[in-house]
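Just so we're clear, the structure is a prediction, and the values are computed from it rather than from any experiment. Every chain is numbered from 1 and lettered A, B, ... according to where its sequence line falls, protein lines coming before strand lines.
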Protein chains: 4
Amino acid sequence: MSSAANHKHTAILDAAYELFGSGGFYETKMSEVAEHAGIAKGTVYLYFKSKEELFMAVTRRDCEGFMQQLEHKLEDCTAPTEKLAVIAEHHLMYYYERKQHTKLFFRAPNNNPELVAYMALFMEEYMQAVVKVLLEGGASEPELMAQSYIGMLDRLKMDILFQPSFTEEDAYKRAKFAAALFIHGAIGSLNAENGY
Amino acid sequence: MSSAANHKHTAILDAAYELFGSGGFYETKMSEVAEHAGIAKGTVYLYFKSKEELFMAVTRRDCEGFMQQLEHKLEDCTAPTEKLAVIAEHHLMYYYERKQHTKLFFRAPNNNPELVAYMALFMEEYMQAVVKVLLEGGASEPELMAQSYIGMLDRLKMDILFQPSFTEEDAYKRAKFAAALFIHGAIGSLNAENGY
Amino acid sequence: MSSAANHKHTAILDAAYELFGSGGFYETKMSEVAEHAGIAKGTVYLYFKSKEELFMAVTRRDCEGFMQQLEHKLEDCTAPTEKLAVIAEHHLMYYYERKQHTKLFFRAPNNNPELVAYMALFMEEYMQAVVKVLLEGGASEPELMAQSYIGMLDRLKMDILFQPSFTEEDAYKRAKFAAALFIHGAIGSLNAENGY
Amino acid sequence: MSSAANHKHTAILDAAYELFGSGGFYETKMSEVAEHAGIAKGTVYLYFKSKEELFMAVTRRDCEGFMQQLEHKLEDCTAPTEKLAVIAEHHLMYYYERKQHTKLFFRAPNNNPELVAYMALFMEEYMQAVVKVLLEGGASEPELMAQSYIGMLDRLKMDILFQPSFTEEDAYKRAKFAAALFIHGAIGSLNAENGY
DNA sequence: AATGAATGAGAGTTCATTCAT
DNA sequence: GATGAATGAACTCTCATTCAT
């Protein structure tokens with residue numbers, strides 16, 4: 001792929017990421033994507049053979065970026081607890097930085113087996129990265145624990161979507177909170193006298 | 001509303017729940033809903049003024065059912081830990097029993113402020129129910145803790161979607177796992193010698 | 001089918017016959033068909049599920065009309081020679097009367113197996129009708145003879161397409177000519193002294 | 001035109017003949033023609049200014065080849081009956097040898113006056129070649145007779161298209177059959193006692 | 001109240017043609 | 001001369017919604 005073609009490929013992915021992310025699959029028109037990318041409608045089809053394939057490509061690039069950045073950050077630390085903190089911060093901050101694009105995962109085309117398969121693969125990969133950290137800590141049931149941790153983080157990130165006032169500060173705070181809660185449990189902050 | 005009208009209203013909601021749930025908003029046709037409900041296409045519009053409003057009604061009924069059943073179950077127990085266990089079990093089992101309808105929350109119409117507002121309301125309400133339990137236990141930061149717990153449960157339920165082999169047994173197991181993890185934290189099951 | 005629906009069905013077929021006939025399959029737009037039929041674009045699809053199916057229906061109706069009229073005319077005569085004359089006249093006049101629609105057979109959608117199969121069926125049926133007449137006359141190789149006769153007629157009709165000045169008179173004359181030529185052969189009118 | 005250019009011109013015509021012949025005008029893409037010819041899409045337009053003109057050129061070359069071969073074959077014989085036999089054999093064999101390309105004449109672009117005019121011209125030329133033979137035999141109405149003969153041959157060739165099992169043998173047999181039928185008429189093989 | 005035939009805006013996609021390189 | 005990336009007009013078909021019956 002020539003440099004110009006590569007540039008256009010990227011421009012389309014960027015435009016599609018922007019629009020699919022903020023409007024979802026169904027409410028984004030290919031003509032809008034083209035317009036956003038500064039090219040003609042037909043040109044999009046030179047790079048992606050259908051709307052679904054474009055969505056797949058956008059999703060794949062986003063997920064891969066998420067994983068790569070995470071793995072890179074994990075290389076820099078050693079203690080499992082530290083790693084868990086890094087995971088939490090990465091999860092929260094990644095979405096905080098992309099808060100305009102929260103519909104990418106939400107409003108995907110249904111009934112597209114390839115996409116469903118890819119999403120399952122991504123979830124598995126993410127989970128395994130967490131599992132690996134937990135195994136270093138000697139956890140039993142590491143998969144369920146990993147799922148739980150990811151779930152916590154995912155929910156704590158939700159308010160980014162719903163609260164316009166959500167700040168970067170909030171994101172950091174929640175990341176720390178999640179790591180602490182996950183490690184020590186609610187009992188750490190619950191009043192033991194109340195029956196725990 | 002007469003009994004006959006009420007019956008039709010319900011039939012439409014049931015059909016729409018079935019179809020929106022399994023196919024998502026965009027891939028469900030109003031004509032299919034009508035057919036499923038055993039009535040004519042135009043009749044749907046006598047009860048719901050648009051596809052979006054129908055979706056809203058379906059969502060609302062489902063969320064209300066979820067909350068009502070939860071509150072009813074919570075009435076029967078007293079200890080906060082027990083209540084947390086009930087919440088976990090309710091969350092997992094509710095979705096297990098409705099595993100054919102997992103797309104209801106996933107593939108909703110975008111850019112519908114009313115729906116977004118309602119979903120936020122539901123999340124708030126669910127969260128407050130958990131908060132109330134946590135406050136009984138004297139938790140600090142009960143809202144973040146509630147969100148975290150719900151997030152754990154939500155992720156642990158995901159495999160219902162992706163693993164056809166997921167059993168009722170699995171659902172129960174995960175509910176117990178989540179409650180324990182939430183209360184005692186990962187440290188309970190992590191090898192303390194590994195640096196925790 | 002209600003009378004109104006039946007009327008619309010016919011109106012669409014008529015419009016499609018007109019347009020496919022004069023412009024061919026590819027150069028006829030569904031929107032034009034709708035406009036010609038005095039209805040909305042979407043309505044066409046309530047009666048025919050695709051452009052190809054509409055074309056099939058038009059073709060089928062035309063071919064069936066051709067065959068039915070032919071069989072009806074053949075009932076009225078007994079001698080094989082008379083029947084051959086009737087066939088010739090029917091062939092020429094049928095197309096003369098529909099001279100605006102000559103592209104129906106010519107410019108059909110390619111690669112549509114169903115249409116190809118139907119056309120083969122029609123040709124077979126037409127041929128068999130001629131074969132039947134020839135067998136009454138005791139012909140050997142009746143199928144090749146039938147094909148030949150039909151071919152003669154079909155070519156003699158061509159000028160209807162290309163000569164704007166072609167008259168009804170011409171059509172009758174050619175029908176008679178064809179029948180005579182087919183029965184007696186060229187030798188009847190060729191100068192025997194020239195080597196025949 | 002340089003030799004290289006001439007070669008490319010021919011390569012395009014060959015590719016177009018192949019594709020128009022097997023797929024028809026509308027279902028053949030210029031990009032396919034280019035690919036088949038082993039050149040770039042844009043290059044086709046250096047040699048033919050539009051798809052229609054390319055189709056015209058293909059048609060013209062095919063028709064001219066048909067006529068030239070025919071005239072050449074006719075030079076070798078003297079008796080009109082022999083010439084008629086040669087014509088029949090040429091017609092059948094020409095299409096038999098090109099049976100993959102039967103859609104060239106069938107699925108031409110509509111509403112192209114130039115093409116329509118050319119086809120009329122070709123038919124006229126072919127007819128006149130037959131007329132010439134018939135006049136040597138002293139025929140009256142030689143034009144209608146020529147048309148009839150050509151029509152017979154054209155129809156007898158049709159099965160090449162529809163019967164995959166059609167053999168070269170069949171083609172020869174039909175050629176002989178057509179010549180005999182044309183000269184002696186059906187009466188030669190019909191049972192005279194049946195009323196002829 | 002109930003129907004379902006009719007509507008028509010609007011979507012995704014194709015492909016002949018152009019033109020800067 | 002040769003290329004092939006880019007264009008954008010034009011197509012078929014869908015489906016939420018309406019309204020005369």
So for C:K29 and F:dT12, does any side-chain atom that can act as donor or acceptor lie under 3.5 Å from a complementary atom in the base?
no
Ion pair A:D14/A:K8, N-O distance below 4.0 Å
no
Ignoring hydrogens and angles, does a donor from either the side chain of A:K49 or the base of E:dG12 sit under 3.5 Å from an acceptor on the other?
no
What's the CD-P distance between B:E35 and E:dA5, to the nearest Å?
13 Å
Give a yes or no answer on whether the side chain of C:T43 reaches the backbone of C:I39 with a donor-acceptor pair at less than 3.5 Å.
no
For the residue pair D:D62 and D:Y94, confirm or rule out a side-chain donor-acceptor distance under 3.5 Å.
yes
Could you pick out which residue, B:L46 or A:K51, lies toward the 5' side of DNA chain E when each is mapped onto its nearest nucleotide?
B:L46
Expressed as a whole number of angstroms, how long is the span from D:H7:NE2 to F:dA2:P?
12 Å
Which sits closer to the 5' end of DNA chain F, C:M30 or D:G42, going by the nucleotide each is nearest to?
D:G42
Is A:Y26 close enough to E:dA11 that one of its side-chain N or O atoms is under 4.0 Å from OP1 or OP2 there?
no
Looking only at atom types and distance, does a side-chain atom of B:T28 sit under 3.5 Å from a main-chain N or O of B:G23, one as donor and one as acceptor?
no
Assess whether side chain to side chain contact (heavy atoms under 4.5 Å, CB included) is satisfied between C:Y17 and C:F55, documenting all intermediate values.
CA-CA 8 Å; C:Y17 178 64; C:F55 189 87; over 6 Å; no
Using heavy-atom distances to pick each residue's nearest nucleotide on DNA chain F, tell me which of C:S31 and B:K41 is more 5'.
C:S31
Here's a test of your reading of the structure: between A:T28 and D:Y45, which maps to the more 5' nucleotide of DNA chain E?
A:T28
Protein-nucleotide distance (B:E52, atom CD; F:dC15, atom P), rounded to Å:
16 Å
C:I39 CD1 to E:dT7 P, in whole Å, measures 7 Å
Atom pair distance, as rounded to whole Å: CG in B:L19 and C1' in F:dC15:
15 Å
Check whether C:E32 reaches the backbone of C:K29 with its side chain - one donor and one acceptor, N or O, closer than 3.5 Å.
yes
For atom CZ of B:F48 and atom P of F:dT18, their distance in whole Å:
16 Å
Counting only side-chain N and O atoms of D:Y47, is one of them less than 4.0 Å from OP1 or OP2 of F:dG1?
no
Could you state the NZ-C1' distance from C:K8 to E:dT7, rounded to the nearest angstrom?
10 Å
Can you measure D:E53 atom CD to E:dT17 atom P for me and round it to whole angstrom units?
10 Å
What pattern of brackets, bars and dots sums up DNA chain F from 5' to 3', given Watson-Crick or G-U wobble pairs under 3.5 Å, [ ] for crossing pairs and | for another strand?
.||||||||||||||||||||
OH of A:Y47 to CD of A:E53: how many Å apart, nearest 0.5 Å?
14.5 Å
